[in-house]
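Structure record follows, encoded as structure tokens.
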Amino acid sequence: MRIVLHVDLDAFYASLEEIRNKSIKGKPVVICVYSGRSPDSGAVSTSNYKARELGIKAGIPISFAKRIAKDKEVVFLPVDMEYYRSVSDRIMELLEEEADTIEQVSIDEAYLDVTKRTSVNWNEAQKIAKKIKVKIKHHEGLTCSVGIGPNKLIAKMASGHKKPKGLTVITDTDVINFFEKFPVSKIHGIGDKTTKSLNDLGIQTANDLANYNIDALERIFGKNKAKIFQEKAKGIDESPVEQGEIQQISRIGTLNEDTDNIEIIFEKIKELSIDLQKKIKKKAVDFRTISIIAIDTELKTHSRSETLQQTDLIDENLITVRKLLQKFFEENPGKKLRRIGIKVSNLLKKKKQKSLGDFYS
DNA sequence: CGACGTGTAAC
DNA sequence: CCTTTTACACGTCG
């Protein structure tokens, strides 16, 4: 038996902006990723709860958000990842002190295994959660939501149950009750497509999924996924709280206009490569596979990749990148691209100790 | 089996 | 009208 905490910082980016500029505190705040094609092109990265009440939430186009915000006082700001990253790093260090092991899953979320230090005592775990909340508030002025469960899946879903500023405990004996009429769409790891497929089978709730004929599920989703889905539906998740090795690093950007001009696209790739190269150095890794990621005008993603000799230099392989680009257009004549990216994978870490902060910086 | 390309999901 | 980054599963091919 384990006890796992999931800590989720509330409206992280927006809260940081409110701290940085007190004059916007209490107003709807929208953090945007501007793509640069036109003054309002791009998407909403995140927003605070005031803005969410208006319907302005992550993922919607900035132009939509501005239409909603019309004749209302809504603050629009561009993302400032460096700032958010630096605060995130400090918070992750605070969390490290409270866990046996920690796993950072994104800039504003982490799992903490507290099994040993609580001796599997749920009250002790709750005390740690409260202490974490006080520490984060005291050091950074931020609030967070915490979920406590017997594994990562339950902890994650618990933290989502009440937010912002939530604290939800789902002990092993609570799991069945908590899950009973949970819609499958709300199970972590089951997204839009899977939900539709499941609904087509008459599966609506976690319970429906848990009790469904496994062979039928396997025929549709494959052996592996069928098993994982059904375990999730039962609240089972044996995956440990541990920071895995990084698998890939990529950079992607939006082109100023849709184009099939290799020169223009290649220029953009070179631009993105500078940033990617920095990251490769910082992580102290070599790579063996290099890819281009091409997103066409219908927002469909394509990729072309090649595996080469171990290296840590993008520049020396730009010839290959260009070749991949040419290959793509030979295979997709006339197709225009909206966005382009470059990715390295097949990573081999060089002999240098990585700190937790290195992972998502 | 490794390499490659696509789809799904989450942030 | 439509951002960014990462992980992982799966099918196919040689």
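These numbers come from the heavy atoms of this one structure, side chains and all, not from hydrogens, waters or symmetry mates. All values derive from a computational prediction rather than experimental measurement.
Judged as a side chain to side chain donor-acceptor pair (under 3.5 Å), the pairs with a partner in residues 187-201 of chain A (not counting sequence neighbours) are, in order, A:N199-A:Q204. Within the structure, the salt bridge (Lys or Arg N to Asp or Glu O under 4.0 Å) test picks out the following pairs touching residues 142-155 of chain A (sequence neighbours left out): A:E103-A:K152. The stretch residues 56-66 of chain A participates, sequence neighbours left out, in these side chain to side chain donor-acceptor pair (under 3.5 Å) pairs: A:D40-A:K66. Applying the side chain to side chain donor-acceptor pair (under 3.5 Å) test to pairs two or more places apart or on separate chains, those with a residue in residues 208-226 of chain A are A:T205-A:D208.
For A:S145 and A:D8, the side-chain atoms include no donor-acceptor pair closer than 3.5 Å. A:H302 and A:N332 share no donor-acceptor pair across their side chains, judged by distance under 3.5 Å alone.
Of the residues in residues 335-348 of chain A, those lying under 4.0 Å from DNA chain C by heavy-atom distance are A:R338, A:R339. DNA chain B is contacted by no residue of residues 63-84 of chain A, taking any non-hydrogen atom closer than 4.0 Å. The stretch residues 188-195 of chain A touches DNA chain B through A:H188, A:G189, A:I190, A:G191, A:D192, A:K193, A:T194, each having a heavy atom under 4.0 angstrom from the strand.
Chain A approaches DNA chain B within less than 4.0 angstrom (heavy atoms of the protein), and the contacting nucleotides run 5' to 3' from B:dA3 to B:dC11.
Shown here for A:L255 and A:R37, the closest heavy-atom pair between the two residues is O-NE, 3.0 Å.
The salt bridge (Lys or Arg N to Asp or Glu O under 4.0 Å) test applied to A:K50 returns no partner, not counting sequence neighbours. Not counting sequence neighbours, the partners of A:T289 by the side chain to side chain contact (heavy atoms under 4.5 Å, CB included) test are A:S291, A:S305, A:T307, A:S345, A:N346. Remark: A:Y34 engages no residue in a ring-ring contact (aromatic ring centres under 6.0 Å, His included) (not counting sequence neighbours).
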message: Output one letter per nucleotide in nucleotides 9-14 of chain C: B when a protein non-hydrogen atom lies under 4.0 Å from the base, S when only the sugar-phosphate is that close, - when neither is.
response: SS----
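Relative orientation of the A:F182 and A:F179 rings is parallel, given thresholds of 30° and 60° on the angle between their planes. Classification of the A:Y84-A:Y13 ring pair by plane angle, with boundaries at 30° and 60°, yields parallel.
Taking a cutoff of 4.0 Å between a charged side-chain nitrogen and a carboxylate oxygen, A:K268 and A:E271 qualify as a salt bridge.
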